[in-house]
Amino acid sequence: MGVAFHISAFLISVSCLVFTFIQNRYDKPQKKIYMVMVAILALNTVSEAAVEFAVPFQAESVIAQNLILVSKYFYFVLHAAVLPLLVYYVLRITGRSHRFTLLKHALFLIPVAVVDVLMLTNPLHHWCYYYEPVTFAYHRGWGVTALYVISVFYIAFFIGTLFSSWKAITQKRRLAMSYFLVMVIAGILVQMVLITARVELLAEAVAFLGVLLTVEDEGDLIDSDAGIYNRKAMRIDLGNLIANKQSFKILCVKVENAGVIRRATGSNNTDILASMLYRELVSIVPRYLIYRTAPDTFALILVGKHRASAEEAVHKLEERFKKGWSCNHTEVILSATIMLATVPEDIMTVEDAFNMTDGMLPLNHKKLLIGKEDLSYLIRRRMLERAIQQGLTQGRFEVYYQPTFDADGLRLVGAEALARLNDPQLGQLMPDEFIPLAEQIGLIGDLDDYVLYAACEFVTSGVPARIGIQSINVNLSVVQCIKPGFVEHIISIVDEAGVDHARINFEITESVDANDYAAMGAVINGFRQNGFRVYMDDYGTGFSNLRSLFSMDFNVIKIDKSLLWGAQESDLGRVILENNVRMLKQMDVKILVEGVETQEQIALLKELGVDYLQGFYFSKPVPENELISQYKYLDVPA
Ligand code: C2E
Ligand code: CA
Ligand code: CA
C-alpha cells in the first residue's frame, strides 16, 4: 500500500515540475528554489517507493537489501536540504531575502550542513541509522534525531518569516503558505499515528501543488508573449520590498512615440515594442525584475545597485535611443523618457512608484533623469487626475460666475461660467491647474458639458434674468470643438434643459492648429445658425489671431487682460491696444475687455469705445448665490 502513496506523490511532484517548466520562468530565483524543492521531493518518493518495494524481499535478497540501503541513503541526504530551501522560498516570496546578509546565510546553513555531512558519511560511522547485517533490522541513531531537531528549527524559521511578513504579502500568498504549512504538518502527524499510511510525502506533494496553483501561477502577472511581468506583478513585488524597508531604485523607460512601430508594421501588436527593448533591458536587470506597467512603459527594479551604476545604465539606454531600432525591415527612431528614482529617498509608497511610471512630465521636459521636484510634480499631477475623475463622477465641480458689464452704462449684462473643483484632499482647485490636465486626459469634454448643464440650470431658475443677466457665457475647449458631431451634442444639452439659445454664449480660444481653421469655422457657423453667440476668448495671446479672426465669424472678441495691462505699462502697449480695438471695430464685431481692475482702466476703455467689461473691479468669479446676493437689488422684471 505504501508504494501506491509514493507513486501518487511522485506523479504529483513531477507534474508540478512540468507545469513550472512550461511557464518558462526558471530564470527567477523563486522559481529555481521551487523547482529544486519539488525535484528533491520527486527523488525522495522514488527512494521511498523503492524501499517499500524491496522490504518484502529483504530477508532473501541481497539486491533488495542493497536497494534499501542506497535508497535510504539518498533519501536522508536529500531530504535534509528541503527545509532550508523552504525557508529561502518563503524569504523570496515575502521579499525579505535581500536583507539576508552573507553572514546570516552562513549561520543559517550551518545546521543543515552539519546534518548533511553526517548523513553523507553515515556508511562510515552509522551515527544516523544502521541496518543490522543478518536480520536487516533498522536502528535509528542520534543523527536522525538531529535531523528532526533542525527540522523544527527551520520550520520555526519558516513560520516566523511568514508571520512577520504577513502584512507585506498578498492575501493569496498568505493563504497558500499557511495551507502549505498545515498540509505538511498534517502529513507528518498522520504518518506518525498511522504508520502504515505513508502519507508524509504525498501531503508534501499536494502542498507543493497548492503552491503551484497559487503563488507560482503567474498567468495574471505576465504581460502576454513578451514574458515580462505586468503592473500587478510590480505592485506585489514593490509592496514586498517597501514593506521590508528595502532600499532600491526604480528605472522607468517611457517610449513616447510607439506609434511609429504601428506605422512601420501595420500591426497593433504591442509586443513588438517589448521584444525590441527586451535585450537592452535584460542587460540591466534579470527578466524577472522588468515590468511593463503600460503598453509603452517599462519599469525596472534595481536592487543592490549603487547610484553610479544605475546612472550608467540610464546613460547607456540614452545612447541606445539615439540609434535606430530595426522593426519589420525598416529602421525606426524611438524617443523615450528615462526616469530613475530611489526608494525610499524619492519614492516611499507603491502608489508613488506608479505616479512616476504613469505620470506625464510637462511637454517641455528635456531632462533625462528626473529629480525630486519632478517626482512631486508627477505625484501632484496624478492626484489632480484622480481629483478630476472623481470630481466628475461625484459632482465636485462647482460653477462660479463672473459678471460682465456694458461699458456705456456699466450695467450688468451677462456672466461667464468658470469651473472650480472642490477636492476633499486637495482643497479648492483653480482651472489653471485642472483645465490643461483635463484636456490631456481626455475629460475636458465631460467637464465642459458639466458646466454647460449647470449654466442651463441656472438660466432655467429664472434668477439671472431677474438680476439683468441676459445670457451666460460658457467656455468650450478647442480640443473638443473640432470633433465630429460636437455642435449637435452641445445643442442637445441646451435643448434638453429647455433653455432659449439666445441665453447661452460660447467662448472659444483661438489657439487652433492651422489645419483646423475650416473645421473651427464650421463649428462657429453651426452655433450661430442655431441662435447662439460665439465669443473669441483670449484675443491677443496667440500668434494666429488675425488669420482666425478673418476666417471665422465671431460675434464678440474678448481682448485678453494682458493687452489691457500692457497698455498701462508702456506707450507701445497702449498703441497696440488702441490699434487692435480700432481694427476690431472696423470689422463690425463687439469687443469685451477682460481683466478690468481699476477705474483708470475703465476710463481708458470707455474712451476707446469697447462694448463690454469684465474684471475684478466689478467682481471676481463667485458662486451662484453670491452673484445673486450681489446684484439682487437690480431685480429688474424679466
Ligand atoms: P478665461 O476664459 O480667460 O477666464 C478668465 C480668467 O481670468 C478667469 O480665471 C478669471 O478669474 C480671471 N479674471 C477675470 N477678471 C480678472 C481680473 O480683473 N484680474 C485677474 N487677475 N484675473 C481676472 P479662472 O476662473 O481661473 O479661469 C482660468 C481659465 O480656465 C479660463 O480663462 C478658461 O480658459 C479656463 N476655464 C475655466 N472654466 C472652464 C470651463 O468650464 N471649461 C473650459 N474649457 N475652460 C475653462
Ligand atoms: Ca473664457
Ligand atoms: Ca480670457
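Worth knowing before you read on, the calculation uses all heavy atoms, side chains too, and leaves out hydrogens, waters and symmetry mates. Remember, it's 1-based here, ligands and their atoms both numbered in the order they're listed. The structure presented is a predicted model; accordingly, all values stated were derived computationally and were not measured.
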Decide whether the shortest distance between a heavy atom of F397 and an atom of ligand 1 is less than 4.0 Å. no

Ranked by distance from atom 38 (N) of ligand 1, the top protein heavy atom is A419 N, 3.1 Å

Any donor-acceptor pair under 3.5 Å linking the side-chain atoms of Y229 with those of D237? no

For atom 24 (P) of ligand 1, the option (of P431, A455, A417) bearing the nearest heavy atom: P431

Would K620 count as a contact residue for ligand 1, given that I'm defining contact as a non-hydrogen atom of the residue lying under 4.0 Å from a ligand atom? no

Is the shortest heavy-atom distance from the side chain of P623 to the side chain of R420 under 4.5 Å? no

Can a non-hydrogen atom of Q614 be found less than 4.0 Å from any atom of ligand 1? no

Nearest protein heavy atom to atom 11 (O) of ligand 1, by residue and atom, and its distance? P621 CG, 3.2 Å

With no hydrogens and no angle check, do the side chains of N525 and R528 hold a donor and an acceptor under 3.5 Å apart? no

Other residues, nucleotides and ligands only: do more than 12 of their heavy atoms fall within 6.0 Å of CD on Q425? no

Just so I know, are the side chains of I469 and L627 near enough to count as touching, which here means a heavy-atom distance under 4.5 Å? yes

Between F616, Y617, F618, Y535, flag the one that comes closest to atom 22 (N) of ligand 1 by a heavy atom. F616

Has Q480 got any heavy atom lying under 4.0 angstrom from an atom of ligand 1? no

Which option, D432, D538, T541, owns the non-hydrogen atom nearest atom 3 (O) of ligand 1? D538

Distance-only side-chain donor-acceptor flag, N555 / R533, under 3.5 Å: no

The Ca ion (ligand 2) contact by D538, N, O or S atom under 3.0 Å: no

Closest protein heavy atom (residue, atom, distance) for atom 39 (C) of ligand 1: I435 CD1, 3.7 Å

Are Y535 and F554 an aromatic pair, judged by ring center distance below 6.0 Å? no

Check whether F486 forms a cation-pi arrangement with K483 (NZ or CZ under 6.0 Å from the six-membered ring centre, at most 45° off the ring normal). no

What do you reckon, does D448 have a nitrogen or oxygen under 3.5 Å from a nitrogen or oxygen of ligand 1? yes

Side-chain touch M520/I508, heavy atoms, less than 4.5 angstrom: yes

Please determine if the Ca ion (ligand 3) has an N/O/S atom from D537 lying under 3.0 Å away. yes

Just heavy atoms, cut-off under 4.0 Å: does D537 contact ligand 1 by side chain, backbone, both, or neither? side chain

Measuring from the Ca ion (ligand 2), name the closest N, O or S atom belonging to E416. OE2

May I ask whether V596 places a heavy atom under 4.0 Å from ligand 1? yes

With atom 6 (C) of ligand 1 as the reference point, say which of E597, Q402, K561 has the nearest heavy atom. K561

To 10°, measure the OE1(E507)-the Ca ion (ligand 2)-OD1(N475) angle for me. 90°

Counting heavy atoms only, which part of V451 comes closer than 4.0 Å to ligand 1: side chain, backbone, both or neither? side chain

Just going by heavy-atom distances, which of R420, M430, E433 is nearest to atom 25 (O) of ligand 1? R420

Under a 3.5 Å cutoff, is there a donor and acceptor pairing between the side chains of S471 and N505? yes

I'd like to know whether CD of E457 has more than 12 heavy-atom contacts from other residues, nucleotides or ligands below 6.0 angstrom. no

Going by salt bridge (charged side-chain N to carboxylate O under 4.0 Å, His left out), E319 matches just one of K316, K323, K322. Which one? K322

